[in-house]
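Report on the structure given below.
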Number of protein chains: 2
Amino acid sequence: MGRLISDTVEDYLKMIFDLSAETDRVSTGMIADALNVSPASVTDMIQRLATEDPPLLDYIKHQGVALTDEGIKIALEIIRHHRLIELFLHEVLGYSWDQVHAEADRLEHVISEDFEERVAAVLGDPLRGLHGKPIPTASLEMPDQNTSYLLDMRPEQHGVIHSVNDDDPDFLRYLEAQGLVPGAKFSIVDFSPYDNNLRLRLSGQDQEIVLGMGVTTQVQVEVLDFES
Amino acid sequence: MGRLISDTVEDYLKMIFDLSAETDRVSTGMIADALNVSPASVTDMIQRLATEDPPLLDYIKHQGVALTDEGIKIALEIIRHHRLIELFLHEVLGYSWDQVHAEADRLEHVISEDFEERVAAVLGDPLRGLHGKPIPTASLEMPDQNTSYLLDMRPEQHGVIHSVNDDDPDFLRYLEAQGLVPGAKFSIVDFSPYDNNLRLRLSGQDQEIVLGMGVTTQVQVEVLDFES
DNA sequence: TTATAATTTTAGACTATTCTAAATTCCTGT
DNA sequence: ACAGGAATTTAGAATAGTCTAAAATTATAA
Ligand SMILES: [Mn+2]
Ligand SMILES: [Mn+2]
Ligand SMILES: [Mn+2]
Ligand SMILES: [Mn+2]
């Protein structure tokens, strides 16, 4: 208990956790891109984190990193902070869903456990964040989700929007305008193999919308067995 | 607009502002004590702040510093954040008045102007903080207060508690238990010149309480012309 | 007025985080 | 199997903030 973790390290661990959803091992380059720092800085940092007292990363030279259990703990703590804060900013202070992320990205590092608990209580211990992502529990269990990317759906299939990537405010405003918010049900109408465009109809709406990979890679869905 | 001020610099400026209430020029040693860093670190920092592009401090070697207008601006901004956050934590999240300070001391550096505005709005644009101190306005005017220290009051005088120093949670719990909270009216019953103890009676209470300098130097009062 | 004490400043060093440029290693396509 | 090219790591350096120990300055008080 009580290691001294800087904001910077917290952001590295959080980002590595996110990137780990894609690949088993996360490469130096991926981290550098995601955090907007040079690859050299990343190499430095991951080597340091891999040799901390309890190592936070498992690092193999030239083969990227994976979080240790210790590293996952810290990442989940910060992710819990982040998603609780986003919800709180929206519910209590009236932030729109495209404004919350940037603010939460700073606040997540400085709130106390007490603050976390009080916010969770005020919000009624929510299970999902403002953008649909699950919120790790107080004991740092991440509820597992059975989701896939909208990208991978095909005509005839039905689904519900589960969650959306939240780092680009413009993108979030676009999604909201289209009705592409967590909980929205839809069915796939058409698929264009060459550009990977998907045409879909949101339930209750007449109009169909066509989405390219810029959108479909950023939206997670739950595939439904039957229309409802 | 848009200088890059670190949290550390913000804390230095805020502390120098507070200390300036006592002395015109603030010494290296005072700052070092207050911030719990070595005098050498303070010298380093104040020399740097005095040579910033618009200087934040006016520094004369061996004679301490005074804030420039630019430095005051930044200090007031942070103090506004701090006091709004303390009130918010109390009102919205149910923090007790001894718990808010530590949390606010970290949050004050990371909230946006938007956050500040929204919190101020939710609280109804308060003029005074949880511990009685005035809150700088949105345009960074500090409402001036006509207060003196409880220390300097003498028998026969009446007064109202204006504000109390809030950095020690134990002290705040003690004050609250005694009923020594902002707004409480009292009259001085007795003064002991050798130990500077004051005996006073809170209006509406029978019992008298005796306070030493450990308390009377930490409490600001408004002296009343007549009892009320 | 002068020695001693207190305060402040300087010198030198350390950690955390980042960078650029150069060296190394890995991968891929012929 | 191997030559480029891509990715990664190393080397060297910068900045912010801190420290301790030594030097310099100012204050105090006999
Ligand atoms: Mn977010
Ligand atoms: Mn962050
Ligand atoms: Mn405070
Ligand atoms: Mn602070």
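Per chain, numbering begins at 1; letters A, B, ... match sequence-line order. Keep in mind the model is a prediction, meaning the values are calculated, not measured.
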Looking at Arg106(A) and Asp7(A), does any basic side-chain N land under 4.0 Å from a carboxylate oxygen? no
Please state how far atom CG in Asn36(B) lies from atom C1' in dC19(D), giving the value in whole angstrom units. 14 Å
Please report the distance, rounded to the nearest Å, between CG in Leu35(B) and P in dC19(D). 10 Å
What is the distance from CD of Gln63(A) to C1' of dC27(C), rounded to the nearest Å? 13 Å
Could you list, one pair per line, each protein nitrogen or oxygen that sits under 3.5 Å from a nitrogen or oxygen of nucleotides 10-14 of chain C, together with the distance?
residue : atom : partner  : partner atom : Å
dT10(C) : OP1  : Lys61(B) : NZ           : 2.9
dT10(C) : OP2  : Gln47(B) : NE2          : 2.8

Over how many whole Å does the gap from Asp7(B) atom CG to dA16(D) atom P extend? 14 Å
Looking at His81(A) versus His109(A), is the centre-to-centre ring distance below 6.0 Å? no
Nearest-Å distance for atom pair CD1/P, residues Ile31(A) and dT18(C): 12 Å
In terms of side-chain geometry, is the basic nitrogen of Glu108(A) or Lys14(A) positioned less than 4.0 Å from the acidic oxygen of its partner? yes
Between His62(A) (NE2) and dA6(D) (C1'), how many Å, whole number? 11 Å
Hey, is the side chain of Ser27(B) poking within less than 4.0 Å of OP1 or OP2 on dT7(C), counting only N and O atoms? no
Is Tyr12(A) close enough to dA16(C) that one of its side-chain N or O atoms is under 4.0 Å from OP1 or OP2 there? no
Arg118(A) charged N/C atom sitting above Tyr95(B) aromatic ring, 6.0 Å / 45°: yes
Between Glu10(B) (CD) and dA16(D) (P), how many Å, whole number? 15 Å
Aromatic ring centroids of Trp97(A) and His90(A) under 6.0 Å? no
Just checking, is any N or O donor in the side chain of Glu222(A) or Thr147(A) under 3.5 Å from an acceptor N or O on the other one? no
Give one of base, sugar-phosphate or nothing for Ser38(A), where a contact means two heavy atoms less than 4.0 Å apart. base
Could you say whether Ile46(B) or Thr8(A) is positioned toward the 5' end of DNA chain C, judged by the nucleotide with the nearest heavy atom to each? Ile46(B)
Using atom CG of Asp33(A) as one end and atom P of dA7(D) as the other, report the distance to the nearest whole Å. 9 Å
How about Met15(A) and Leu19(A): do any of their side-chain heavy atoms sit closer than 4.5 Å? yes
